[in-house]
Amino acid sequence: MDRRTFIKNTAAASSLLFLPAALGGCARESLLSDHGRITGLTVKLLEEWCKGMVAHQTITPDNLITHGGLYSPGDDAYLGRSADGIFPLLWMAKHTGDLSYVEAAKLLYDWEQNNCWDDELGCWFNNPNMPSSWKGITVFAAMTKYEAITYFPELLGEETIKEWKARLYRASEYLYDTLTINFGNINYPAFGTLAFYSLGKLFNEPRYIKRAEDLAEGLSPYFLEDGLFFGEGTRVPNQFGQYPVDLGYNVEESLPALAYYARLTGNQELYDKVLFSKKVHLEFMLPNGGWDNSWGTRSFKWTLWGSRTSDGCHPGYYMMSGEEPVFAEAVYRNLKCLEDSTYNNLLHSGPHEFVEGILPSMHHTFNHAKALVNLLLLDEPNLPYTDRVLPREKEYGVKHFENVDTLMFSKGSWRGTVTAYAMNYRATGTINGRPSGGALSMLYHMKHDIVSASSMIEYQRWEQFNMLDEAMVEHFMDLTPRLELRLDDGRVFRNICDHRAKLSYAETGDELIISTKSRLVDGNQIAPDEGSPEVSIDYKIKNDVFTVEISMDGAVAGGKLQFIYPVVSSGNDSISIADRRFERRSAAGRVTVTSNQTMETILPENKRVYNFVPGLQAFPLVFDGADMHREKLVLQFRV
């Protein structure tokens with residue numbers, strides 16, 4: 001079956017952050033309206049984003065470095081992968097009948113060839129006019145050209161198609177010579193299955209189709225027994241037997257490509273694995289439709305709706321919604337996240353980026369626009385009537401994902417994530433990235449949305465061309481709640497760095513208790529010279545109150561010890577703080593935090609800290625920890 005036929009038939013065969021109260025109302029609508037509301041919102045977003053892309057296209061015929069390129073305001077640059085926008089621009093031309101979008105697509109293609117094409121190797125590279133930069137993006141660029149040629153040939157014309165196919169064939173040969181099961185992070189060979197199969201059909205090349213088969217077979221062991229898919233980082237376990245798993249890249253890139261490939265080829269074994277894996281990954285979708293990737297190995301690119309430079313979860317989940325109707329609800333919820341993070345016709349990294357005054361990266365827009373076009377190419381799925389309840393909306397106590405040593409809890413209206421996952425992104429050079437140590441990486445309330453969320457322990461631009469510069473933020477801070485010891489010599493030790501932390505949990509009567517044991521260490525797992533006391537943090541969850549209790553079994557020898565809890569709060573929210581009480585007021589109502597010790601402030605009430613990961617503002621509550629070995633610190637959250 002060719003991909004075009006498949007896409008048209010497959011689905012039929014089978015100032016709050018995100019206004020959760022409104023989504024709850026949507027969840028009570030009849031499932032019979034799913035396709036209409038999903039496609040309607042998809043079209044709305046595509047119309048806005050395509051206008052936004054064209055508005056940022058530079059027309060400078062005398063300067064080929066910029067002519068036809070999409071200027072990215074947040075990056076103050078032209079991004080190498082921006083030619084992925086060709087596909088949605090062609091869709092927009094057909095949708096509106098406005099052929100200026102065809103011209104925009106062709107200009108964008110020309111810009112890419114002038115600035116991102118290596119004619120010697122026959123491939124595209126990531127950083128414009130830097131041929132030494134990453135060339136793995138060729139697999140995504142090739143798929144964009146395939147999709148444009150396959151679905152919009154009447155817009156391109158024979159001469160353009162002939163020209164594009166000639167270059168596409170050269171890129172396909174480059175991929176055949178380089179993209180194997182061991183290439184890059186796991187999203188590359190995973191996406192390669194779909195790309196090689198599609199290119200094999202286009203060029204009638206059995207070699208490409210065989211490579212797709214080989215990749216699919218080689219990827220089978222990367223599904224863990226619990227359904228998680230690993231390989232975003234190293235390919236081997238760490239000393240604790242943990243494998244590198246990243247939610248964002250899995251749901252937005254790897255699993256969608258594998259689902260398409262499996263259905264196209266009739267590979268039922270792979271299809272069943274992907275279906276099960278998608279169900280497991282859906283456990284991490286928040287009720288507001290955001291993805292809780294607070295714990296993933298590539299969470300340095302986490303945005304609430306997904307990941308900074310991947311494509312989108314929508315077509316992959318929607319094509320399988322005939323088997324799992326809740327997938328359609330997940331698609332709609334995530335589309336709402338995208339809508340609520342779209343301002344001035346561009347997708348921002350989170351709902352607070354615009355409030356913070358940060359200009360967005362164009363990457364978010366053109367990548368997710370490409371995914372949404374693929375969603376629209378699917379037919380309406382056959383969905384039985386069922387409740388539209390996401391897994392995380394249900395009250396279930398605790399779920400422990402042992403392969404990533406991460407707990408999710410659900411009691412009353414509280415939802416949250418506690419992680420002791422000890423896997424760094426890379427074996428070397430990536431310390432102080434994602435939090436560990438029993439960190440509370442997500443706290444969510446069903447009415448009041450996100451209360452706190454994690455970020456990188458220390459913001460580091462490991463992919464400099466794909467991450468924004470924190471220097472543009474007035475008050476930049478790590479958002480993860482943490483106990484932090486700063487010494488006079490500049491060294492910093494935190495409980496959320498500890499890779500040997502222990503988690504346990506119990507449910508007694510009306511209370512759920514999650515207990516963590518950790519020590520203060522730095523990113524290299526080194527404690528202060530005098531050692532570290534044991535840090536005990538208990539998270540106690542009742543229906544109406546969430547409590548954090550922090551204590552130590554001894555004193556620290558010196559330095560400044562503080563417990564820091566940034567409470568997520570938009571600059572549009574009202575807050576007040578007095579001695580031992582903090583209050584956040586939003587359209588949903590009030591969230592209060594009380595403590596048994598004095599709250600210190602580092603900002604006036606009209607200011608916020610901000611972090612690109614995951615695109616949120618917050619107000620930090622700070623507590624002196626000097627006497628924490630004598631008296632535990634107790635924080636209580638109520639709504």
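Below, each value reflects all heavy atoms present in this structure, side chains not excepted, and no hydrogens, waters or symmetry copies.
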(message) Rounded to the nearest 0.5 Å, what separates atom CG in Asp624 from atom CG in Leu561?
(response) 7.5 Å

(message) For the CG atom of Leu228 and the OG atom of Ser277, what is their distance to the nearest 0.5 Å?
(response) 6.5 Å

(request) Find the distance between CG (Leu520) and CG (Leu485) and round it off to the nearest 0.5 Å. (result) 6.0 Å

(message) Could you measure the distance from the CG atom of Asn495 to the CD atom of Glu534? Nearest 0.5 Å is fine.
(response) 12.0 Å

(request) Starting from the C-alpha separation in whole Å, work towards a yes-or-no answer on side chain to side chain contact (heavy atoms under 4.5 Å, CB included) for Glu225 and Asn403. (result) CA-CA 9 Å; Glu225 65 276 5; Asn403 281 308; 3.4 Å; yes

(request) Any chance you could lay out the salt bridge (Lys or Arg N to Asp or Glu O under 4.0 Å) test for Arg392 and Glu283, step after step, and finish with the verdict? (result) CA-CA 6 Å; Arg392 208 154 188 183; Glu283 296 279 350; over 6 Å; no

(message) A side-chain contact here means heavy atoms from C-beta on lying under 4.5 Å apart; do Val548 and Val634 qualify?
(response) no

(request) May I ask you to check whether Tyr425 and Phe300 place their ring centres under 6.0 Å from each other? (result) yes

(request) Using a strict 4.0 Å threshold on nitrogen-to-oxygen distance, state whether Asp340 and Lys336 make a salt bridge. (result) no

(message) If only side-chain N and O atoms count, and only distance matters, is there a donor-acceptor pair under 3.5 Å linking Asp538 with Ser515?
(response) yes

(request) Report the distance from atom CG of Asp544 to atom CZ of Phe637, rounding to the nearest 0.5 Å. (result) 14.5 Å

(request) Could you walk me through whether Leu304 and Ile450 pass the side chain to side chain contact (heavy atoms under 4.5 Å, CB included) test, one step at a time? (result) CA-CA 10 Å; Leu304 283 180; Ile450 297 175; 3.7 Å; yes

(request) Nearest 0.5 Å please: distance from the OG1 atom of Thr430 over to the CG atom of Asn424. (result) 4.5 Å

(request) Answer yes when Asp34 and Arg388 have at least one side-chain N-carboxylate O distance shorter than 4.0 Å, and no when they do not. (result) yes

(request) Say whether Ser586 and Asp573, considering side chains only, have a donor N or O and an acceptor N or O under 3.5 Å apart. (result) no

(message) Please tell me whether His629 and Asp553 have a donor and an acceptor in their side chains that are separated by less than 3.5 angstrom.
(response) no

(request) Indicate yes or no: does Glu463 engage Lys301 in a salt bridge with an N to O separation below 4.0 Å. (result) yes

(request) Ignoring hydrogens and angles, state whether a donor on the side chain of His499 or Asn238 is under 3.5 Å from an acceptor on the partner side chain. (result) no

(message) Looking only at side-chain N and O atoms, does Lys517 offer a donor or acceptor that is under 3.5 Å from a partner on Ser536?
(response) yes

(message) Check this for me: does any side-chain nitrogen of one of Glu583 and Arg585 sit under 4.0 Å from a carboxylate oxygen of the other?
(response) yes

(message) Determine whether a donor-acceptor pair (N or O, by modelled atom type, separation under 3.5 Å) exists between the side chain of Arg630 and the backbone of Ala626.
(response) no

(message) Between His368 and Glu252, is there a side-chain donor-acceptor contact under 3.5 Å, judged purely by atom types and distance?
(response) yes

(message) Can you see whether Ser310 engages Glu253 through a side-chain donor-acceptor pair at a distance of less than 3.5 angstrom?
(response) no

(request) Using the six-membered ring wherever Trp is involved, compare the ring planes of Tyr222 and Phe230 and label them parallel, tilted or perpendicular (cut-offs 30° and 60°). (result) tilted

(message) Please determine whether ring-ring contact (aromatic ring centres under 6.0 Å, His included) holds for the pair Phe401 and Trp295, giving the CA-CA distance in whole Å, both sets of side-chain angles, and the decisive distance to 0.1 Å.
(response) CA-CA 11 Å; Phe401 291 84; Trp295 51 273; 7.7 Å; no

(message) Could you tell me if Tyr249 and Asp311 have a donor-acceptor pair between their side chains, going purely by distance under 3.5 Å?
(response) no

(request) Measure up the Phe476 and Phe612 rings against each other and bin them: parallel (under 30°), tilted (30 to 60°), perpendicular (over 60°). (result) tilted

(message) Taking Glu329 first and then Arg37, would you say they form a salt bridge - that is, a charged N and a carboxylate O separated by under 4.0 Å?
(response) yes

(request) Could you tell me whether the side chains of Asp292 and Thr417 share a donor-acceptor contact shorter than 3.5 Å? (result) yes

(message) With no hydrogens and no angle check, just 3.5 Å: does a side-chain donor-acceptor pair link Lys394 and Ser410?
(response) no

(request) Could you check Glu402 against Asp226 for side chain to side chain contact (heavy atoms under 4.5 Å, CB included), going step by step and ending with a plain yes or no? (result) CA-CA 9 Å; Glu402 296 182 5; Asp226 61 4; over 6 Å; no

(request) Indicate the atoms forming the closest heavy-atom contact of Met423 with Val236, along with that distance. (result) CE-O, 4.0 Å

(request) Using the six-membered ring wherever Trp is involved, compare the ring planes of Trp414 and Phe546 and label them parallel, tilted or perpendicular (cut-offs 30° and 60°). (result) tilted

(message) Looking only at the side chains, is there a donor atom on one of Gln562 and Glu484 sitting less than 3.5 Å from an acceptor on the other?
(response) no

(message) We want to know whether Thr419 and Thr406 form a side-chain donor-acceptor pair, criterion being a heavy-atom distance below 3.5 angstrom.
(response) yes

(request) Quick one: sort the Phe229 and Phe223 rings into parallel, tilted or perpendicular, breaks at 30° and 60°. (result) tilted

(request) Before giving the answer on side chain to side chain contact (heavy atoms under 4.5 Å, CB included), spell out for Thr342 and His348 the whole-Å C-alpha distance, their side-chain angles and the decisive distance to 0.1 Å. (result) CA-CA 6 Å; Thr342 296; His348 290 56; over 6 Å; no

(request) Work out which heavy atom in Gly523 is nearest to a heavy atom in Cys497; give both atom names and the distance. (result) N-SG, 4.4 Å

(request) Output yes when Glu393 and Arg333 qualify as a salt bridge under the 4.0 Å nitrogen-oxygen rule, no when they do not. (result) yes

(request) For residues Glu511 and Lys411, determine if any side-chain heavy atom of one lies less than 4.5 Å from a side-chain heavy atom of the other. (result) no

(request) For Ser349 and Thr303, test the side chains for any donor-to-acceptor distance below 3.5 angstrom and give the result as yes or no. (result) no

(message) In the structure I gave you, are the side-chain heavy atoms of Leu633 and Leu635 within less than 4.5 Å of one another anywhere?
(response) yes

(request) Would you mind reporting whether Glu339 and Leu45 have side-chain heavy atoms less than 4.5 Å apart? (result) yes

(request) Flag the pair Arg584 / Thr592 as yes when at least one side-chain heavy-atom distance between them is below 4.5 Å, and no otherwise. (result) no

(request) Check step by step if ring-ring contact (aromatic ring centres under 6.0 Å, His included) holds for Trp291 and His281. (result) CA-CA 9 Å; Trp291 288 107; His281 284 77; 8.0 Å; no

(message) When you compare the side chains of Asn293 and Asp246, does any donor N or O come within less than 3.5 Å of an acceptor on the partner?
(response) yes

(message) Less than 3.5 Å apart, any donor N or O on the side chain of Lys273 or Ser220 sitting next to an acceptor on the other?
(response) yes

(message) I'd like to know if Arg461 pairs up with Glu470 as an ion pair, taking the criterion as any Lys NZ or Arg NE/NH1/NH2 lying under 4.0 Å from an Asp or Glu carboxylate oxygen.
(response) no

